*Asks:* 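First, the structure itself, so that you have it in front of you.
Just so we're on the same page: letters track the sequence lines, and every chain starts at 1. As the structure is a prediction and not an experimental result, all values here were calculated from the model.
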There are 2 protein chains.
Amino acid sequence: MHKYEKIRLELTRRINSQAWPVGASIPHEDELAAEFGVARGTIRQALSSLVDAGYLEKKRRAGTRVAYPKDHASTLRISLVREQVEQGGHTYGYRLLKDSIEDGIRRVLCLHLRDDAPYQLEDREISLSGIPSAAAADFSQISPNEWLLQQQPYSRVQTTLQASAPNRNDRKHLELPRDEPVFLVLRETFLEEVWLTRVRLSHPASSYSVQMERAFD
Amino acid sequence: MHKYEKIRLELTRRINSQAWPVGASIPHEDELAAEFGVARGTIRQALSSLVDAGYLEKKRRAGTRVAYPKDHASTLRISLVREQVEQGGHTYGYRLLKDSIEDGIRRVLCLHLRDDAPYQLEDREISLSGIPSAAAADFSQISPNEWLLQQQPYSRVQTTLQASAPNRNDRKHLELPRDEPVFLVLRETFLEEVWLTRVRLSHPASSYSVQMERAFD
DNA sequence: AGCATTAATATGTCTATACATATTTAATGG
DNA sequence: CCATTAAATATGTATAGACATATTAATGCT
């Protein structure tokens, strides 16, 4: 275990035990460096992860204090559907439902299956001016989702999570039990402010949830 | 603008322009340091944010490469209800509905209002062994949500986001339009593996969504 | 050829030092 | 007494160098 890890562990202990209560200032970096017998850089490395996690707040000249835990950040990774399914030990299936081009936008409707049951309905729009190669892409075997990741990167992603009553396509393709809502993931991506693609991912509420865990020790 | 910021900007440009395409290795830290005329530490600082954002992948000895953008990380901050409401320029209201103690667990049901309309129903369980002071707390004016943040910190938080049909309490208190589902936030917190509290936050789907944005330039 | 061992190497950790900069605190002056 | 200015200071940025370590590539052996 590295020095900065040991130090971070000890600092976390002091916070959790309230030796350093919420709102209190902690010793300066130089003092901590002296206490632990390391260089200031090592202390800064230990502190940085605690700051990122929202446990500490730093301000120039004012020093470092234990933050109020009002809005801890959780990191959310929404990965490829296929990987989501296969990681759970299930079999993945894919079906293209609709595919059209209108006004320079390619619109694709397709279904992702988990163990042959509907798992995610993907309703996607792709800008052909933003991604010209999308005009000729074949989505009968590979999903737009997956195809797009092979393409150029994006510089801005906007994601919205929502609950919703199913729309017509959802009811038609997701085999929803009566009164079952859908969990929506809406996402839009840009490259240098040029719009690339927009997608509406709908899932049966009973078979989909987003989980986050923030552990600290 | 600092050196590492300029460098990060230039590196981002090379990635976005596909001068460094996805999957390709980028020059070694020493080479970059020479190219930009800075110390390696400065290069590492520029790279670190790109690695955190998922744009680059580093591996010892193998070097640094442009990552496949399969699962970019988005940071999600779920903050205090009251702040959520007030930040949007709305008025916040609070109402305690139920409050009981059983088997060493205090259970509180309360409602958070936005502009006098139901916004979030909070159904909370607090471990009195984990947080003894919760036995005497007064939740008639201040919500458990808010009260708990003044208390001891936690070391592990588990959050689940879900869509769901409303349960009995939801229907009773959230004034849901017909067929409207709820958006659930389920959260459980621990301190060093000791269970502290569990909460079920339900929201009318039409008035609640979680938004994330990952910009990069 | 195939396998185990060894060497090479790019990133990771750490130190020590210098200066920059945002903020606060103190000093100054009307 | 208040407002403005100046000093103090804790964190932020940057440098240069040393060594550690994971992983790959080369080597040698059977």
*Asks:* So, is B/K58 close to the D/dA22 phosphate, meaning a side-chain N or O under 4.0 Å from OP1 or OP2?
*Replies:* no
*Asks:* Write down the atom of A/V66, the atom of A/P21, and the distance for their closest heavy-atom approach.
*Replies:* CB-O, 3.5 Å
*Asks:* Quick one: list whatever passes side chain to side chain donor-acceptor pair (under 3.5 Å) with B/S127, sequence neighbours left out.
*Replies:* B/S129
*Asks:* Please name all residues satisfying ring-ring contact (aromatic ring centres under 6.0 Å, His included) with A/W20, sequence neighbours left out, ordered by chain then number.
*Replies:* none
*Asks:* Starting at CD of B/E57 and ending at P of D/dT23, how long is that distance when rounded to a whole Å?
*Replies:* 14 Å
*Asks:* Can you sort out the partners of B/T42 under side chain to side chain contact (heavy atoms under 4.5 Å, CB included), two or more places apart, ordered by chain and number?
*Replies:* B/K3, B/Y4, B/I7, B/V38, B/A39
*Asks:* Under the side chain to side chain contact (heavy atoms under 4.5 Å, CB included) rule, collect the residues that match up with A/R82, sequence neighbours excluded.
*Replies:* A/E86, A/Y92, A/E146
*Asks:* At the 4.0 Å heavy-atom cut-off to chain B, mark where contacts on DNA chain C begin and end, going 5' to 3'.
*Replies:* C/dA8 to C/dT13
*Asks:* Please list, by residue number, the residues of residues 39-47 of chain B whose heavy atoms come closer than 4.0 Å to an atom of DNA chain C; answer none if no residue qualifies.
*Replies:* B/R40, B/R44
*Asks:* Measure CD/A/E29 against P/D/dT13 and give the value in whole Å, please.
*Replies:*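 That distance rounds to 11 Å.
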*Asks:* D/dA14, D/dT11, D/dT24: which one has an atom nearest the side-chain heavy atoms of A/R60?
*Replies:* D/dT11
*Asks:* Between A/H2 and A/K59, who's closer to the 5' end of DNA chain D by nearest nucleotide?
*Replies:*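 Nearest nucleotide further toward 5': that of A/K59.
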*Asks:* Quick one: side chain to side chain contact (heavy atoms under 4.5 Å, CB included) partners of B/A136, sequence neighbours excluded?
*Replies:* none
*Asks:* When you match A/V38 and B/T64 each to their closest nucleotide on DNA chain C, which lands nearer the 5' end?
*Replies:*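 Looking at the nearest nucleotide for each, B/T64 comes out on the 5' side.
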*Asks:* Pick the nucleotide of DNA chain D nearest each of B/A62 and B/G37; which residue has the one closer to the 5' end?
*Replies:*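 Its nearest nucleotide being more 5', the pick is B/G37.
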*Asks:* Once salt bridge (Lys or Arg N to Asp or Glu O under 4.0 Å) is applied, what residue pairs with a partner in residues 134-144 of chain A remain, sequence neighbours excluded?
*Replies:* none
*Asks:* B/A33: which residues meet the side chain to side chain contact (heavy atoms under 4.5 Å, CB included) condition with it, sequence neighbours left out?
*Replies:* B/I43
